[in-house]
Amino acid sequence: MALSPLNQRRWRNFRKNSRAFWSLILFSILFGLSLFAEFIANDKPILVSYRGELRMPIFSFYPETAFGGDFQTEAIYRDPEVQCLIVSGGIEDCFDDPEGIIEEIDAGTFAADGFEQGWTLWPLIPYSFNTTVDRPGAAPLPPNEQNWLGTDDTKRDVLARVIYGFRLSILFALIVTTVASIIGIIAGAAQGFFGGRLDLFMQRIIEIWGATPGLYVIIIMFSIFQRSFWMLVFITILFGWTALVGVVRAEFLRARNLEYVRAARALGVSDWTIMFRHMLPNAMVATLTILPFIVTGAIGGLASLDFLGFGLPSSAPSLGELTLQAKQNLQAPWLAFTAFFTFAIMLSLLVFIFEGVRDAFDPRKTFS
């Protein structure tokens, strides 16, 4: 679909803002890679060839018996016996000396009737966010060629947790920001456009709602219900939708008596069409000014709750939980550096992008 001349001008203005444009490219690359985290960091192979049949363990459940083993539980693909079963085609000798048979196969000296060599394709990082690393030493372990950012205090790979945690934080912020903004814009537009008793009534509700301590409500809710991602999203939206109401309300109060609004009313245009087709675009500059604070606030709020122990479950790949581990393990500086640079890069890129979007929507600003 071709862009309108107005949107083409906005896009040109955004591209001329080099900091915002390159921040968008870098953020898109990082977020795009994190969306495929299962293909980058996983303790299951991406692809397994067993007796000529291709299988994808990252999408499907395969018991050990599917590879010639004895157990109905899911195969532990890093186990030498399971690796031997896959490579050798499921011969029984794997239970006696799996590593020796694998060495024979690699050396080309293994021979058996009906043998068809299998193989596995592993991700770049052979650990998921909750995988315990088989590495000697007391946790947390420093970075090495096996764990590029080291491990945390339960021997989980930090880089894998950062990749999954980055995706989780961004998705959380985008969902919260989108839903809360829609609710806040509708509420603010209705207040500013209609005014009167509706405006007075909603202002009192917002004043009471804004004075409610959201953190205490979250703590109480999580003491009653089980902690989960969607529960946290719901509660955050419940207390975050008021952020845009005041700005949108002020813009609509200012614009509702302008000439183009009076002309639209005289022509019989419906109120909702006037509000969202004609008035809202003029209020977008002020609205977009607040959006970076909502996005960064959602990410910071999630990290703060996880840091305090009232956020996502401890098994979730949380950047806030990584920050807590950095505080509790001062002898492991790689945890603190990882948490700091992850938050600094992520939040800086988002702020730069939204600054560029805000300036692109401002007709008074042009870039040379």
Side-chain angles (χ1 to χ4, degrees), residues 1-37 40 162-185 188 229 233 236-237 240-248 251 280-304 306 317-320 322-323 338-368:
M1 181 183 295
L3 295 176
S4 64
L6 177 60
N7 288 328
Q8 290 178 10
R9 182 188 63 80
R10 289 169 176 169
W11 174 244
R12 286 195 301 268
N13 285 343
F14 181 81
R15 289 201 60 176
K16 290 178 181 178
N17 189 335
S18 300
R19 185 175 64 182
F21 181 68
W22 287 108
S23 295
L24 176 63
I25 291 177
L26 180 57
F27 177 80
S28 300
I29 293 173
L30 294 176
F31 183 53
L33 289 175
S34 71
L35 291 177
F36 298 93
I40 300 173
V162 167
I163 295 173
Y164 282 89
F166 179 87
R167 179 178 68 178
L168 183 68
S169 297
I170 297 301
L171 290 176
F172 176 84
L174 292 179
I175 294 172
V176 169
T177 302
T178 301
V179 179
S181 298
I182 292 174
I183 298 174
I185 288 173
F229 175 81
V233 167
T236 306
I237 292 173
W241 65 272
T242 58
L244 283 176
V245 173
V247 176
V248 177
E251 289 294 318
L280 182 59
N282 295 324
M284 285 304 295
V285 175
T287 303
L288 291 172
T289 303
I290 307 298
L291 281 183
F293 301 101
I294 300 178
V295 175
T296 56
I299 295 175
L302 176 63
S304 300
D306 290 334
S318 166
L319 298 178
L322 178 63
T323 308
T338 300
F340 171 77
F341 284 108
T342 301
F343 278 114
I345 293 172
M346 175 171 54
L347 297 179
S348 297
L349 291 177
L350 287 170
V351 170
F352 293 156
I353 292 170
F354 277 103
E355 282 183 351
V357 173
R358 178 199 64 194
D359 293 341
F361 273 78
D362 192 346
R364 297 168 297 179
K365 289 194 175 184
T366 57
F367 298 90
S368 57

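Once rounded to the nearest 0.5 Å, the distance linking CG of Leu291 with OG of Ser181 reads 5.0 Å. Taking CZ of Phe354 as the reference point, atom CG of Leu24 lies at 10.0 Å (rounded to 0.5 Å). Rounding to the nearest 0.5 Å gives a distance of 10.0 Å between CG of Leu168 and OG of Ser34. Note that the CZ atom of Phe352 and the CG atom of Leu347 stand 11.0 Å from one another [nearest 0.5 Å]. The CZ atom of Phe31 sits 11.5 Å away from the CE atom of Met346 when rounded to the nearest 0.5 Å. Here the CD1-CD1 distance, from Ile299 to Ile294, works out to 12.5 Å after rounding to the nearest 0.5 Å.
Of all heavy-atom pairs spanning Glu251 and Ala283, the tightest one is CB-CB, 3.6 Å. Between Thr323 and Ala339 the shortest heavy-atom distance is OG1-CB, 3.7 Å. The nearest pair of heavy atoms linking Ile40 to Leu33 is CD1-O, 3.2 Å. The minimum heavy-atom distance between Thr338 and Thr342, with the atom names listed, is O-OG1, 2.6 Å. The two residues Gly188 and Val248 make their nearest non-hydrogen contact at C-CG1, 3.8 Å. Considering all non-hydrogen atoms of both residues, Ala173 and Ala298 come closest at CA-CB, 4.0 Å.
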Verdict with reasoning, Glu355 to Arg358, per side chain to side chain contact (heavy atoms under 4.5 Å, CB included): CA-CA 5 Å; Glu355 282 183 351; Arg358 178 199 64 194; 4.3 Å; yes
Evaluation steps, side chain to side chain contact (heavy atoms under 4.5 Å, CB included), between Thr236 and Phe172: CA-CA 10 Å; Thr236 306; Phe172 176 84; 3.5 Å; yes
From CA spacing to verdict: side chain to side chain contact (heavy atoms under 4.5 Å, CB included), Ile175, Phe229: CA-CA 11 Å; Ile175 294 172; Phe229 175 81; 4.2 Å; yes
Test side chain to side chain contact (heavy atoms under 4.5 Å, CB included) applied to Thr289 and Val247, step by step: CA-CA 10 Å; Thr289 303; Val247 176; over 6 Å; no
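Thr287 places a side-chain heavy atom less than 4.5 Å from the side chain of Leu244. Annotation: side chain of Ile170 is in contact with side chain of Leu350 (closest heavy-atom distance under 4.5 Å). Between Leu349 and Leu30 the shortest side-chain heavy-atom distance falls below 4.5 Å. Leu288 is not listed as a side-chain neighbour of Asp359, based on a closest heavy-atom distance of 4.5 Å or more.
Ring geometry for Phe166 versus Phe27: interplanar angle of 30 to 60°, hence tilted.
Residues forming a ring pair (Phe, Tyr, Trp, His ring centres under 6.0 Å) with Tyr164 (at least two apart in sequence, or on another chain): Phe129.
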